[in-house]
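Only heavy atoms go into these numbers, but all of them, side chains included; no hydrogens, no water, no symmetry mates. Bear in mind that the values here come from a model prediction, so they are computed numbers and not experimental data.
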Amino acid sequence: YLLIFRIISLHLIMQAISFWKRSPFSRLVFPLVAGILAGFYFHVSFSSLIVMAIFLIIAFGIFIMINKKLNTWLIISKGIFLHLLLIWVGAALVWLHTSTHQPSYFGNAITDSSLLLVRLNEHPIPKTNSYQCEASVLSVFANNKSTERTGKIILYFAKDEQINKLKYGDELIIKGQIQPIKNAGNPGSFNYKRFAAFQGWNYTSYLTSAQYKITGRNDAHWLKIISNDIRSYIINTLKKHLSEDDDVLAIAEALIIGYKADLDKDLVQAYSNTGIVHIIAISGMHIGMVYLLLQFIFNMIPFTKNSKRQTLPIILILWAFALLTGGSASVLRSAIMFTCIIIGKNYFKKPSSYNGLALSAFLLLCVNPFYLWDVGFQMSYLAVGGIIWLQRPIYDLWYCKNFFGDKVWSMAS
């Protein structure tokens with residue numbers, strides 16, 4: 001029994017070593033996540049980050065000086081140093097992405113009589129009684145002087161004729177009651193204040209047409225202009241041909257480009273109750289379908305039959321689709337993962353799916369560490385990780401000689 005136990009233990013250890021070698025980014029994600037959690041829950045200050053950075057620099061200098069006399073202990077210490085560095089990076093990312101920590105944050109300078117110069121980050125979205133829009137604060141006017149400021153604010157516009165003039169990139173001067181975002185509901189319910197803070201929103205304001213003025217300047221990014229124009233064209237085309245049924249129109253908009261503003265709450269609840277709400281949300285499944293379709297099309301073209309020639313155009317189209325659909329966490333995760341898989345498949349031998357998954361998580365968390373609290377982000381990685389882990393053992397349970405039967409079983413598993 002002892003011999004069997006040792007053999008099994010050795011086998012598990014060898015499998016773990018093989019996994020870590022084939023998936024190096026899996027080793028880097030965990031300390032980064034630990035740093036993000038520590039930075040958020042322990043409220044790591046800027047001075048603490050500076051002290052930790054000095055300690056890491058000193059440790060790195062010691063490693064450089066004694067590099068020629070490495071022994072086993074020092075090699076282990078290098079691994080510990082790398083993990084500590086990633087923990088520090090995670091905590092630093094949380095501090096950097098917490099808008100209230102920035103000296104130029106507009107919330108530190110506003111008064112009841114302040115005017116704000118803001119830029120709209122999107123087209124106003126129709127709601128039940130108003131229009132909603134995220135805006136970036138550019139300047140604060142107070143005490144007869146203007147100071148450049150940063151930060152985001154959620155604006156609600158009254159429904160009137162002037163709202164139709166607003167579009168993405170417009171700069172406005174607003175004078176309304178600016179209120180901090182608060183929780184609504186019972187203790188233990190959804191923490192909207194924290195959710196909003198993760199998006200960079202800490203303040204909101206409701207504006208009538210008399211409380212804002214369009215400056216006439218538009219500072220929109222050209223790439224987002226193209227994306228918004230294409231989205232608007234698709235939405236208008238769908239409205240032209242599917243206007244007889246609002247529910248059908250709303251589902252088509254959600255399925256094709258991830259536009260959810262027209263979805264009825266009761267309809268979404270009905271999909272949720274039946275467990276298929278993920279169908280009307282752009283996710284990794286859609287990116288995978290687009291990838292397979294593109295691969296099929298490029299394999300039919302003589303010039304792009306070579307897999308290496310397909311790499312760049314497929315990646316560009318996948319990212320264009322991801323941006324067109326709004327770039328949610330699940331879509332970005334899939335776009336990054338498929339990018340890694342395509343590059344690995346065409347330029348390297350036997351790329352690890354775990355490594356591609358870990359790399360996409362690492363990059364996304366570096367872009368925004370608060371994705372870690374996004375339920376879509378969490379469920380996406382649990383789902384894809386589970387599929388990668390369990391698909392092969394389930395598939396091996398039954399061997400089908402028929403080609404089409406084997407394909408069906410492969411998809412089912």
What pairs of residues pass the ring pair (Phe, Tyr, Trp, His ring centres under 6.0 Å) test when at least one of them lies in residues 221-246, not counting sequence neighbours?
none
For Pro124 and Cys133, which heavy atoms make the closest approach, and how far apart are they?
CA-CB, 4.1 Å
Taking all non-hydrogen atoms of both residues into account, name the closest pair between Leu242 and Leu249 and its distance.
O-CB, 3.7 Å
Could you tell me whether Gln199 atom CD has more than 12 heavy atoms of other residues or ligands within 6.0 Å of it?
yes
Just checking Arg217: does its CZ atom have more than 12 heavy atoms from other residues, nucleotides or ligands closer to it than 6.0 angstrom?
no
Say you draw a straight line from CG of Leu172 to CZ of Arg119; how long is it, rounded to the nearest 0.5 Å?
11.0 Å
Without swapping roles, check the side chain of Trp88 against the backbone of Leu49 for a donor-acceptor pair under 3.5 Å.
yes
Whether Tyr371 and Phe377 hold their rings parallel, tilted or perpendicular, with breakpoints at 30° and 60°
parallel
A side-chain contact here means heavy atoms from C-beta on lying under 4.5 Å apart; do Asp374 and Asn368 qualify?
no
May I ask you to test the Tyr206-Gln177 pair for a side-chain heavy-atom distance under 4.5 Å?
no
Atom CD of Gln179 with >12 non-hydrogen neighbours under 6.0 angstrom
yes
Can you find a heavy atom in the side chain of Leu323 that is under 4.5 Å from one in the side chain of Lys224?
no
Residue pairs passing the side chain to side chain donor-acceptor pair (under 3.5 Å) test with at least one member in residues 38-53, sequence neighbours excluded, are Tyr41-Trp373, Ser45-Ser47, Ser45-Ser48
Within 6.0 Å of NZ in Lys159, more than 12 heavy atoms from elsewhere
yes
Applying side chain to side chain donor-acceptor pair (under 3.5 Å) to Thr100 and Asn202, what does each step give before you reach the verdict?
CA-CA 8 Å; Thr100 53; Asn202 294 290; 5.4 Å; no
Interatomic distance, Ile110 atom CD1 to Ile153 atom CD1 [nearest 0.5 angstrom]:
7.0 Å
Quick check for you: to the nearest 0.5 Å, what is the distance between Thr339 atom OG1 and Ile315 atom CD1?
5.0 Å
Of all pairs that satisfy salt bridge (charged side-chain N to carboxylate O under 4.0 Å, His left out), the ones with a partner from residues 393-413, not counting sequence neighbours
Arg392-Asp396
By ring-ring contact (aromatic ring centres under 6.0 Å, His included), Phe321 pairs with (sequence neighbours left out) none
Sorted by chain and number, sequence neighbours left out, ring-ring contact (aromatic ring centres under 6.0 Å, His included) with Tyr192 holds for none
Using 0.5 Å steps for rounding, measure from the CD atom of Glu161 to the CD1 atom of Ile163.
12.0 Å
Contact summary for Phe298 and Pro313, nearest pair of heavy atoms:
CZ-CB, 3.7 Å
If we count only N and O atoms by modelled type, under 3.5 Å, do the side chains of Gln102 and Asn108 hold a donor and an acceptor together?
no
Considering only heavy atoms from C-beta outward, does the side chain of Met52 approach that of Leu84 to under 4.5 Å?
no
Can a donor-acceptor pair be found, under 3.5 Å and without considering hydrogens, that links the side chain of Asp170 to the backbone of Leu120?
no
Find out whether Leu82 and Leu28 are in side-chain contact, i.e. whether some heavy atom of one side chain is under 4.5 Å from a heavy atom of the other.
yes
Worked check of side-chain contact (heavy atoms from CB on, under 4.5 Å) between Trp95 and Val44:
CA-CA 7 Å; Trp95 190 90; Val44 177; over 6 Å; no
Can you tell me how far CG of Leu292 sits from CD1 of Ile287, rounded to the nearest 0.5 angstrom?
11.5 Å
Contact summary for Ala361 and Tyr381, nearest pair of heavy atoms
N-OH, 3.0 Å
For the residue pair Trp409 and Trp398, does the interplanar ring angle fall in the parallel (under 30°), tilted (30 to 60°) or perpendicular (over 60°) class?
perpendicular
Check: Thr208 side chain, Ala158 main-chain N or O, donor-acceptor pair, under 3.5 Å
no
Other residues, nucleotides and ligands only: do more than 12 of their heavy atoms fall within 6.0 Å of CG on Asn236?
yes
At their closest point, which heavy atom of Gly288 faces which heavy atom of Phe338, and how far apart are they?
CA-CZ, 3.5 Å
For a side-chain contact (heavy atoms from CB on, under 4.5 Å) with Phe362, tell me which candidate from Val33, Leu86, Ile336, Leu357 qualifies.
Leu86
Between Leu116 and Tyr203, is there a side-chain heavy-atom distance shorter than 4.5 Å?
no
Is there a donor-acceptor contact under 3.5 Å from the side chain of Thr215 to the main chain of Glu171?
yes
Heavy-atom pair with the smallest gap, counting every atom of Ile154 and Tyr156:
CG2-CE1, 3.5 Å
Does a side chain donor of either Asn299 or Gln295 reach within less than 3.5 Å of an acceptor in the other side chain?
no
Verify, without hydrogens or angle tests, whether Asp247 (side chain) and Ala250 (backbone) share a donor-acceptor contact under 3.5 angstrom.
no
Results of side-chain contact (heavy atoms from CB on, under 4.5 Å) for Leu382 - residues two or more places apart only
Met379
Determine whether a donor-acceptor pair (N or O, by modelled atom type, separation under 3.5 Å) exists between the side chain of Glu122 and the backbone of Glu134.
yes
Using 0.5 Å steps for rounding, measure from the NZ atom of Lys152 to the OG1 atom of Thr204.
14.5 Å
Less than 4.5 Å apart, side chain to side chain, heavy atoms only: is that true for Phe46 and His101?
no
Are the ring centres of Phe370 and Phe198 closer than 6.0 Å?
yes
Are side-chain heavy atoms of His97 and Phe40 found at a separation under 4.5 Å?
no
